[in-house]
Amino acid sequence: MGYEVLDVKPVTRRIGAEVFGIDLGKPLSNRQTAELREALARHQVLFFRDQEMDHDAHKSFGRLFGELAIHSAIPGIEGHPEIVAIHADAESKFVAGENWHSDLTCDPEPPLGSILYMRVVPDSGGDTVFASMYDAYDSLSEKMKVYLEGLEAVHDANPVYQRLFPDLDRKYNRSIHPVIRTHPVTGKKLVFVNPSYTTHIVGLPDDESEAILKFLYVHCMNPNYQVRFRWRPNSVAFWDNRCTWHQAIWDYFPDTRSGFRVTVAGDKPF
Ligand code: SIN
């Protein structure tokens, strides 16, 4: 499908595109929505500038792509359980997404995608980096692809959130997913482990699992598979969580960076 109503400019050949000619604060036409789906499938993360969205518009935009998910570990903002605040300032001890991850792969059905709307950004720093797990997979050797095929890994949120919130006595999600996943829309294979949630590969001795995950993480962090987004106030990033990693760079302390995120529900990886 070609674009008739959107202007989509790739940021790199492999991942990321800026989308122009759209107002996310207004109801979108079927054609605009279809072209956004197409653009997301091609580019994996879409960037928008100068958007004005209230919380309802943000949620309505997300619902064009599926049901909204409630974050399994962090409560939503008052009156909008589907929206989480992404906020850091001089009081912050950590920021969300500081380490490479895909969102909530600890869930049995990890999110399809997330839509982050940034309202306040520091004068410098605070970028988000995204990495294509398609490219990470494609550049593995054929022998490594064969080795990884059929393996499954444990994704556990307990080590992540128990460290961040030691005072809360609660259990978080833990799920098992294939190490190599097939994207349900594009049919392409990709690496589906990440340094935040994946703890080990099922059925391998500990040292082998650790070595393979370490190899994959270093491999997936190759800058050739990445795009780096420089936020401005009122920018939006919409990432396909099924085929990307992302990392929020916290290089702006003690400045403030603040926005809101909705998450679109996904399905069981295969
Ligand atoms: C996140 O992981 O959703 C946070 C990303 C960011 O703040 O840039």
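Since the model is a prediction, treat every value here as computed from it, not as a measurement. Order of appearance sets the numbers: ligands from 1, and atoms from 1 within every ligand.
Taking 4.0 Å as the cut-off, Trp100 does not count as a neighbour of ligand 1 on heavy-atom distance. Not close to ligand 1: Gln247, with no non-hydrogen atom less than 4.0 angstrom away.
Under 3.5 Å, the side chains of His177 and Thr198 contain no donor-acceptor pair of N or O atoms. Inspection of the Ser114 and Asp103 side chains reveals an N or O donor paired with an N or O acceptor under 3.5 Å. Gln44 and Ser132 share a donor-acceptor pair across their side chains, judged by distance under 3.5 Å alone. Between Thr105 and His155, the side chains place a donor N or O and an acceptor N or O closer than 3.5 Å (distance only, hydrogens not considered). Side-chain atoms of Asn99 and His101 include no donor-acceptor pair closer than 3.5 Å.
Each of the atoms 2 (O) of ligand 1 lies under 4.0 Å from some heavy atom of Gly97. Remark: ligand 1 atoms within the under-4.0 Å shell around heavy atoms of Leu116 are 5 (C), 6 (C), 7 (O), 8 (O). Close approach of ligand 1 to Trp239 is summarised as follows: ligand atoms under 4.0 Å from at least one heavy atom of the residue are 3 (O). Interface of Ala248 with ligand 1, defined as ligand atoms under 4.0 Å from a residue heavy atom, comprises 5 (C), 6 (C), 7 (O), 8 (O). Listed by number with element, the atoms of ligand 1 under 4.0 angstrom from any heavy atom of Ile86 are 7 (O).
Counting heavy atoms under 4.0 Å from ligand 1, residue Val95 does not touch it at all. Contact annotation for Trp245 and ligand 1: no heavy atom of the residue comes within less than 4.0 Å of the ligand.
For the pairing with Glu18, the salt bridge (charged side-chain N to carboxylate O under 4.0 Å, His left out) check across Lys9, Arg49, Arg230, Arg232 returns one residue only, Arg49.
Remark: minimum distance from atom 3 (O) of ligand 1 to any protein heavy atom is reached at Arg261 NH1, 2.7 Å. Among protein heavy atoms, atom 4 (C) of ligand 1 sits closest to Ala96 O, 3.8 Å. Nearest non-hydrogen protein atom to atom 7 (O) of ligand 1 is Arg257 NH1, 2.8 Å. Of all protein heavy atoms, the one closest to atom 8 (O) of ligand 1 is Thr128 OG1, 2.5 Å.
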>> Show, in sequence, the C-alpha distance, side-chain angles and deciding distance for Glu210 and Lys214, and conclude whether the salt bridge (charged side-chain N to carboxylate O under 4.0 Å, His left out) test is met.
In response: CA-CA 6 Å; Glu210 207 174 297; Lys214 199 164 160 199; over 6 Å; no
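Looking at Arg261 and Glu82, no side-chain N of the basic residue comes within less than 4.0 Å of a carboxylate O on the acidic one, giving no salt bridge. Remark: Glu149 does not engage Lys145 in a salt bridge, criterion side-chain N to carboxylate O under 4.0 Å.
Of the listed options Glu98, Met118, His101, His101 places a heavy atom closest to atom 2 (O) of ligand 1.
Inclusion of His246 in the set of residues having an N or O under 3.5 Å from an N or O of ligand 1 is warranted.
A donor-acceptor distance shorter than 3.5 angstrom exists from the side chain of Tyr117 to the backbone of Met53, with no hydrogens or angles considered.
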